[in-house]
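Report on one structure; see the data block that follows.
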Amino acid sequence: MVTLNDRISCHTPNQDGTTTQEYFINMGPQHPSTHGVLRLILKMDGETVNDIIPVLGYIHRGIEKKAEAVGYRQQVHLTDRLDYLCALMNNWAVSAAIEKALNLEVNDRIQTVRTIIAELQRIQSHQLWWGVFGMDLGAFTPFLYGFRDREKITEIFEKTMGARLTMNYFQPGGMMYDIHPDFVKDIKEFIKYFRPILKEYEDLFSGNIIVQERLKNVGIIDAQTALAYGATGPVLRASGMPLDLRKMQPYGAYSKVNFTVPVGTVGDSWDRYQVRIQEMYQSLLIIEQLIDNIPDGPHMTMKYAAKIKPPAGRYYTQMETARGIFGTFFVSDGNDRPYRMHFRTPNFNNLWSILKMAPGGRVADLVAILSSIDLVVPDMDR
Amino acid sequence: MKSLSFYIHNLYQNQQWLDFILYLGLGLILTLSLMSVVALVLVYAERKIAAHFQCRLGPMRVGWHGTLQTVADALKLLLKEDLIPKAADRFLFALAPFLTVMAALLSLSVLPFSLSATLSNMNIGLLFLSAISGYGVLGILIGGWASNNKWSLLGAMRAGAQLISYELSMTLSLLSIVVLSGSLNLNEIIASQAQGWWIWRAHLVGFISFVIYIISSTAETNRTPFDMAEGESELTAGFHTEYSGMRFAFFFLSEYVNLFIVSAIGSILFLGGWMPLHIGEWESFNALMDFVPGPIWFLLKTGALIFLSMWFRWTFPRLRVDQLMRFEWKFLLPLGLINLFLSSIIALGGFYFFP
Amino acid sequence: MNQESNMSANSKTDQSASALAQVPIENAKRWPDLNYFNKIIYGASSLAKGMKITFGYLINTKTVVTQQYPENRETLILADRVRANLIMKHNENGYHDCTSCHICEGVCPNASIHVVDRSEPTVSKKELGYFVWRLDSCTFCNLCVMACPFSCLEMTGQFESSTYDQSLLVYNLNQYSGATQNNLAKLADDQARTSAIKAISPYEGPVALEGYHLAGIPKEFLPQKSDAKTSQAREGVNP
Amino acid sequence: MSQTIESFKLLLENAFSEPLTYLEASQLLTIKVQENQLFATLKTLKETLKFDALIDHAGVDWPNENKIELIYILFSTHHNQQIMVSADIDRNQPTPPSVSSLWAIAEWQEREVFDLLGVTYKNHPDLRRLFLEDNWVGSPLRKDYKDDFILERPW
């Protein structure tokens, strides 16, 4: 079997005629800007990155194996631990997959509330990303501004769901609780608070000449290459392809709302940055359109049963999370546990486009590119 | 009051060796304690100011509003295990922190806190300072190399390239003040600003010089947006990745002392050092200002520049290494050269305000 | 099969035009590329703008959002749905509604709940003995609370449960340790009933979990469990 | 809506010379192919029918039928259609062709399947373990996988 050592040794530069020597350097698994335990082996020439060998698996928890041992109801809480910044969207994706397998239609109230919460989570995820992005570029202050504003949404979530990060809120058939009585009021307050703050984000960071210089024309990738390398979500949209499942295969209440899909024109780090900033504006728009007319109805359409048994078959459902397409593929053999559960996670597929973006740039560019892809490592390793 | 260096000259001539040794020991103790006080105060100030920039409170637990936090940190660093990597060059690894601290120590010894409170009033004080600041790079380079870590080496190489480049424009901006004031002695430079500070007295030249100095001094002290050598998010910690305990504390200490020194030089050259704020012929105003003693003026001006540096650090992101070089060689250096030329014209023609 | 929902609402009959063309797009804003001198002017002004914002936060101390946790314990307001600790509801007499039906045990995704029955020789019916809850492996997913048919479990916001020893995080939630309720019902005298009830503290030392005490320790280092299920290949029927 | 599927099926059938086998027990439109037809089918799907994204690739182990089922989920941004391709391969010597020449992402999705299910792809540029260590023994997602570190549910 081929090992990592073989892979590296076949890259070792030969000494004939070269004046500078390429060397390998380990970026990660403990490195501040890989945001977790991603390991990149860089082949460098001075400060220039010539090649990247990603090494995964430092936080592989065998969630797919684990999923085979627990029932369908318990799958939801496992997805909290994939992309923990989009925990609710993952919850929704799995719940919707199970609902589809059971041929269960959920009511409008559930769909609307799910959509609002998913968009809030998208903003929340992008806020954190914005903060971390600032930190990766060397500015520590945006990091805390991002977290400060994220806290507002976290508090809204905490009131309704009782948890801050791993909510396990969307269940097959509906939601765990009904929304909190303050839910609508809090969200309206948040929207009022956050619009000026978004403007401030742009003044503080986007317009900054150093940010402009660091991001523009760095890590360019074209749409077809990005798609072939598996990129979805903002990474792909920044290259100019408006692939957004919320528009193309509307689910939830997305068919009822008007919004546009921000796309980039060049496909560099700047576009990936700006697409996410504009997505936050769009998410605010979506929430504003839905928040005033949440339909009435029960919050759970399914009678509680400890064991859910979907009919035997293969099921695949996908949704657009803050980072791209999250797909749930499972095979049921009619039992109360899935025969095979597979998660198509956006981060695992987004990662590989760095192989096209980063070579030729500096280490600092690689850091900016990694941050512009917005990776969550537990989602990659599963 | 005689200046201390005049005193030492006398001592030397009268063969009073005991007094000379006493003077040396006293000077060393004074500088060392000044250094630790400066570092303690600045680390606390930085943490508090950074916290409030970021909507936080900063240290609040140790002492009133966390005032003793840095003391506690220093104690912790003293007690920490001192690790030396197995593959490191042990001698150079141990030497590097001392080199950086020594550079800071030597620079402190020539700073005039007031006309009399100067440890060594050199004729070539400014030259000495710029020479010493160039020597400070050596510690970083040696430390990065001796760690035997590729990230450290990258950081050290960046530091070397950056500090040597920015030394140029820093010296150019210092030179324009030297040309204007006609002296290398720090006290004389301050005395030449009795009628007004160089930052505004020499038309725009002094101000441009000041801007160049602030930028290049931020680069000299390795602070954001020019913290290439440390590059937290890129190089983990750059040249001091492998350092721990007291050796790391020395790097940390010298960083803050260097911040104090460059701000002090800035305040001496551009803001009149210990000279009170005097405005032309306003006798009563000038007399009022003279009530405030010189060291207070000096520390106030230095503090303002330190705050400016902290403000930069907690607002801006970091430049990329090639952009940093381009900025120096394509913008700062030409500007500095033009500025030096203009300042010599002003000096020759004597076109100052209040000549 | 439910294929309709996966097909797009705006799917085309005309297959030649790309589906992407129908998505309403909005181009990402791009600051224009500037020449040397404009860049200097723009750069300086953009830096000043950023510095203005941070300075505003510095001087306005009302913007500080830090909460000083142990000091603000009295004024700390927690949302009422916060899930941080599992309790079993007991009434004023020290009884609970648990019938030891083991549904919570089955629904717990990571085996954090273990229900141990007890029975007295005089009564054939089983009752709840230990209700073992392992906080150290609990993910606070709330499934046990939702599953309980008698609503006798509850998640509370009591979040201060750190200890220096993992084994102290194994709780027995059953506070009732008197005679079995069936026997108790036979006692007519209130005095005798009260003396037969003895409430115990929620924590009664680590409960032995038959070797599966700490996760992650290979089996050969643990005392062997005689009736451990052996892992077998699952027989799936290919649909 | 179902009209769309029907017309799409028509489009599918026109692109292939042989008749297609559909897998009924599936939520998506699923084509069942033989191992030797796998690469050609996927190539036609990509090049003729413009399925430009390989959204997902996974494997399912069926020990009692002695086969491993490979699942390819394709997405066409052009038609806004999804299709699933399922291929059964031998469980003891799983050597399907690699499709990394068609979609670059397949290289790593196949490495994942290789890692967890032990499927050895032919013509793969860099077939190494992805998540597990290089010296790991066995394929964890196979149903008969055993190792000492799996904790059985004690009750």
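Note that the structure is a prediction, hence the values are computed from the model and not measured. Each chain gets a letter, A, B and so on, in the order its sequence line appears, and its residues count up from 1.
In terms of modelled atom types and a separation under 3.5 Å, the side chain of K150(B) and the main chain of N26(A) share no donor-acceptor contact. In terms of modelled atom types and a separation under 3.5 Å, the side chain of Q323(B) and the main chain of E213(A) share a donor-acceptor contact.
The side chain to side chain contact (heavy atoms under 4.5 Å, CB included) test with F316(B) singles out one residue from I210(A), I209(A), V211(A), L204(A), and that residue is I210(A). For the side chain to side chain contact (heavy atoms under 4.5 Å, CB included) with P317(B), the qualifying choice from F133(A), F140(A), F205(A) is F205(A), the only one to do so.
No part of V132(A) comes within reach of chain B, as not one of its non-hydrogen atoms sits under 4.5 angstrom from that chain. Contacts of M27(A) with chain B are made by both backbone and side-chain atoms, with heavy-atom separations under 4.5 Å. Interface remark: R362(A) contributes side-chain atoms only to the contact with chain B (heavy atom separation under 4.5 Å). With a 4.5 Å cut-off on non-hydrogen atoms, N208(A) touches chain B through its side chain but not through its backbone.
Going from atom OG1 of T48(A) over to atom CG of D322(B) covers 9.0 Å, rounded to the nearest 0.5 Å.
Within the 4.5 Å cutoff, no side-chain heavy atoms of R148(A) are placed close to those of Q54(B). Between V363(A) and W151(B) the shortest side-chain heavy-atom distance falls below 4.5 Å. Put simply, the side chain of E47(A) does not reach to within 4.5 Å of the side chain of M157(B), judged on heavy atoms.
Surrounding NZ of K356(A) are at most 12 heavy atoms belonging to other residues, nucleotides or ligands under 6.0 Å away. Environment of CZ in R90(B): sparse, with no more than 12 heavy atoms of neighbouring residues, nucleotides or ligands closer than 6.0 Å. The 12-atom threshold is exceeded at CZ of F331(B), counting heavy atoms of other residues, nucleotides or ligands nearer than 6.0 Å.
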